[in-house]
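Step one of this worksheet: look at the structure below.
Computed from a prediction, not measured in an experiment: that's the story for all the values here. Each chain gets a letter, A, B and so on, in the order its sequence line appears, and its residues count up from 1.
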Amino acid sequence: MTLRIATWNVNSVRQRLGHLKDFTDSHQPDVLCLQETKVQNSEFPEHDIKSMGYKTVLFHGQKSYNGVAILCKKEIEINNQLIWCKKDDCRHLSITLKDGVQIHNFYVPSGGAIPDPEQNDKFAHKLQFIKEMTKWISDPAQKNEKLVIVGDLNVAPLVNDVWNHKKIQKSVGHTPLECDLMEKLREAGNLTDVGRHFVSADQPLYSWWGYRYKPSFVKNYGWRLDHILTTESLKSALQHFEIVKDTRGWEKPSDHVPSIVDLNL
DNA sequence: ATGACACGATTGTCGTGA
């Protein structure tokens with residue numbers, strides 16, 4: 001059986017319903033994890049999403065900012081949401097499927113503009129969040145499970161995860177400190193970076209193109225901020241990976257595009 | 001070189017994203 005999991009920072013679920021339907025129809029994910037839904041639970045467009053074919057729709061949101069959701073066509077055994085950095089700011093949701101595969105959907109804090117935890121609380125929060133994830137995945141109780149960790153991790157860890165490594169090194173999201181923390185997270189869980197499992201590290205690979213500089217997408221000034229990581233027990237199941245770049249060229253797009261993994265279970 | 005745009009909550013403009 002093939003399980004297709006996708007992750008997409010949609011930058012407002014209500015603004016992206018048309019794109020969600022088109023992506024669902026064209027790529028048929030079994031599980032679609034969303035970030036930056038930007039809507040409180042009472043306003044979540046549950047009915048619209050269910051009519052796209054998702055049996056189970058889980059959401060954890062707040063007004064204006066953040067928010068995650070998991071859309072699933074399969075039966076779910078367990079669902080859960082964890083608190084990170086002692087704040088319930090809607091950055092995590094997880095499900096466990098009947099076969100024991102756990103899917104964890106994360107929206108890591110972006111970290112503000114100044115890459116200094118002394119001067120910038122948002123950056124301190126981001127560093128703390130990644131450290132907590134590292135501690136969490138270090139626990140053999142997690143590490144030995146069949147885990148798929150997806151989401152907008154807001155770090156582009158490798159040289160070819162940004163369009164200009166030299167220029168961007170001083171920017172939040174690609175500082176040596178953040179890149180190092182991401183590598184430690186990966187090592188702590190003995191995780192496979194699925195994108196780089198399929199696309200060699202010497203090739204550019206991006207999932208985000210900013211809005212502010214208009215021609216960013218045309219010029220391919222991108223960053224790889226969205227990730228899929230799997231634990232060791234799923235490594236042999238990895239079958240296919242894809243970043244669906246097309247969506248960035250659609251009308252009124254999210255600044256992020258979906259990433260997809262197929263697992264052969 | 002951090003401005004540029006998009007979004008939500010608001011009614012004028014601000015906080016946020018990265």
For [N], does either OP1 or OP2 sit under 4.0 Å from a side-chain N or O belonging to [X]?
X        : N      : result
A:Lys38  : B:dA6  : no
A:Asn11  : B:dA6  : no
A:Gln15  : B:dG8  : yes
A:Ser12  : B:dC7  : no
A:Arg14  : B:dC7  : no
A:His256 : B:dA18 : yes
A:Lys122 : B:dG17 : yes

Return the value, rounded to whole Å, for the distance between atom [atom1] of [X] and atom [atom2] of [N].
X        : N      : atom1 : atom2 : value
A:Phe217 : B:dA6  : CZ    : C1'   : 17 Å
A:Gln35  : B:dA6  : CD    : C1'   : 17 Å
A:Ile114 : B:dT16 : CD1   : C1'   : 14 Å
A:Arg248 : B:dC5  : CZ    : P     : 13 Å
A:Lys63  : B:dG17 : NZ    : C1'   : 20 Å
A:His125 : B:dT16 : NE2   : P     : 13 Å
A:Arg224 : B:dA18 : CZ    : C1'   : 16 Å
A:Tyr221 : B:dA18 : OH    : C1'   : 17 Å

Worksheet entry | Sugar-phosphate, base or nothing in reach of A:Asn66, heavy atoms under 4.0 Å |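 Result for A:Asn66 = nothing.
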
Item to complete: Looking at every strand, decide which applies to A:Phe123 at a 4.0 Å heavy-atom threshold: base, sugar-phosphate, or nothing.
Response: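 Here A:Phe123 touches no strand at all.
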
Worksheet item: Under a 4.5 Å cut-off applied to non-hydrogen side-chain atoms, are A:Asn144 and A:Ser233 in contact?
Response: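 Side chain of A:Asn144 against side chain of A:Ser233, heavy atoms only: no contact under 4.5 Å found.
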
Item to complete: Determine whether A:Val244 and A:His27 make a side-chain contact, defined as any pair of heavy atoms from C-beta on separated by less than 4.5 Å.
Response: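 They are in side-chain contact.
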
Provide a list of protein-nucleic acid N or O atom pairs under 3.5 angstrom, restricted to nucleotides 1-4 of chain B.
from  : atom 1 : to       : atom 2 : distance (Å)
B:dA4 : N9     : A:Arg212 : O      : 3.2

Discussion item. Regarding A:Asp89 and A:Lys87, does a basic nitrogen lie under 4.0 Å from an acidic carboxylate oxygen?
Written reply: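 No, this pair does not count.
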
Worksheet item: Would you call A:Lys126-A:Glu178 a salt bridge at under 4.0 Å N-O?
Response: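 Counted as a salt bridge, because a side-chain N and a carboxylate O are separated by less than 4.0 Å.
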
Item to complete: Would you indicate which nucleotide in B:dG15, B:dC7, B:dA18 comes nearest to any side-chain atom of A:Tyr65?
Response: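 Selected nucleotide: B:dG15.
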
With rounding to the closest Å, how many angstrom separate the [atom1] atoms on [N] and [M]?
N      : M      : atom1 : result
B:dT2  : B:dG17 : C1'   : 13 Å
B:dT11 : B:dA1  : C1'   : 34 Å
B:dT16 : B:dA4  : P     : 16 Å

Worksheet item: Mapping A:Glu36 and A:Pro253 to their closest nucleotides on DNA chain B, which lands nearer the 5' end?
Response: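 That would be A:Pro253.
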
Practice prompt. For A:Asp152 and A:Trp8, test the side chains for any donor-to-acceptor distance below 3.5 angstrom and give the result as yes or no.
Written response: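 Note: A:Asp152 and A:Trp8 side chains miss the donor-acceptor criterion.
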
Discussion item. Can a side-chain donor-acceptor contact be found between A:His104 and A:Asn80 if the only test is distance below 3.5 angstrom?
Written reply: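 Short answer, no.
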
Fill in: Complementary nucleotide of B:dT11, counting Watson-Crick and G-U pairs under 3.5 Å
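Paired with no nucleotide.
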
Item to complete: Scan every strand shown for a Watson-Crick or G-U wobble partner of B:dA4, both distances under 3.5 Å, and answer none if you come up empty.
Response: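 The answer is none; no pair meets the criterion.
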
Worksheet item: How would you list all residue pairs meeting salt bridge (Lys or Arg N to Asp or Glu O under 4.0 Å) that involve residues 218-232 of chain A, not counting sequence neighbours?
Response: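 Found A:Asp161-A:Arg224, A:Asp193-A:Arg224.
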
Worksheet item: Partners of A:Glu77 by side-chain hydrogen bond (donor to acceptor under 3.5 Å, both in side chains), sequence neighbours excluded?
Response: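 If we apply the side-chain hydrogen bond (donor to acceptor under 3.5 Å, both in side chains) test to A:Glu77, skipping adjacent residues, the hits are A:Lys98.
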
Worksheet entry | Within the 6.0 Å centroid threshold, strictly below: A:Trp209 and A:Trp223 |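 No, the ring of A:Trp209 stays outside the 6.0 Å limit from the ring of A:Trp223, centre to centre.
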
